[in-house]
Amino acid sequence: MIDLAGLVAALAPGSAPALAAAPAAPAIADAPATPARGRRARKAAAEAPKKSTRGRRRGAAADEAPAKAGRAYRRMPAQDEVVAAWNETRSATQVANHFGVPRHTATGWLRRLRQMGVIESSS
């Protein structure tokens, strides 16, 4: 909340500072009244510490497992690299293994290259 009268008085020429007596405004970092939605809100929620639940505890092996880094990096590498891997293997599965991505991702890359006319259709 901005004290408009105090702001005008402070900026008016020849006036004494009136902002010293103004009440403190609430901090901007306060939580919004409604829950935030969207990508940023989900990312913030994922980074927030998890609440403990009253459910069963996981086994010790689950606690020691390394945390996944998240979603695999799925942007297509340099076109020449993908074409070279395709020409060498002629297999979408082998291309996926080569780049460490899911098979359907490599299939999508190959489909895009076929549509662009970079590689010929497999039929």
Side-chain angles (χ1 to χ4, degrees):
M1 186 71 74
I2 298 174
D3 182 12
L4 188 57
L7 182 61
V8 171
L11 295 177
S15 65
L19 292 178
I28 294 175
D30 289 344
T34 58
R37 298 186 308 212
R39 184 178 296 170
R40 289 183 182 159
R42 287 191 299 269
K43 185 176 179 182
E47 292 174 355
K50 303 291 182 191
K51 295 180 188 177
S52 62
T53 61
R54 287 185 268 195
R56 293 188 313 216
R57 285 197 48 115
R58 295 182 193 172
D63 291 337
E64 294 173 7
K68 288 188 176 183
R71 186 173 167 179
Y73 187 78
R74 293 190 176 129
R75 284 195 180 172
M76 187 170 79
Q79 180 176 318
D80 297 338
E81 293 179 28
V82 179
V83 171
W86 169 252
N87 288 336
E88 184 178 321
T89 63
R90 293 287 185 186
S91 166
T93 302
Q94 291 302 316
V95 171
N97 290 341
H98 177 78
F99 291 105
V101 296
R103 182 189 47 79
H104 69 272
T105 301
T107 303
W109 294 346
L110 296 171
R111 182 183 314 120
R112 185 182 324 156
L113 293 173
R114 282 188 193 103
Q115 289 172 349
M116 292 169 45
V118 177
I119 59 176
E120 59 188 48
S121 180
S122 59
S123 55

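As the structure is a prediction and not an experimental result, all values here were calculated from the model.
- In this structure, Arg90 places its CZ atom where more than 12 heavy-atom neighbours from other residues, nucleotides or ligands lie under 6.0 Å away.
- In terms of the side-chain contact (heavy atoms from CB on, under 4.5 Å) criterion, Asp80 has no residue partners (sequence neighbours excluded).
- By the 4.5 Å heavy-atom criterion applied to side chains, Arg111 and Gln115 are counted as neighbours.
- With a 4.5 Å cut-off on side-chain heavy atoms, Leu110 and Val82 count as touching.
- Residues passing the side-chain contact (heavy atoms from CB on, under 4.5 Å) test with Gln79 are Val83, Leu113, Met116, Val118, sequence neighbours excluded.
- For the pair Asp3 and Leu7, the minimum side-chain heavy-atom distance is 4.5 Å or more.
- Between Glu81 and Phe99 there is a side-chain heavy-atom pair separated by less than 4.5 Å.
- Taken from OG1 in Thr89 to CG in Asn97, the straight-line distance is 9.5 Å, to the nearest 0.5 Å.
- A cation-pi arrangement, defined by a distance under 6.0 Å to the six-membered ring centre and an angle within 45 degrees of its axis, is absent between Arg114 and Trp109.
- Contact check for Val95 versus His98: no side-chain heavy atoms found under the 4.5 Å cut-off.
- Of all heavy-atom pairs between Val101 and Ala106, the closest is CG2-N, 4.3 Å.
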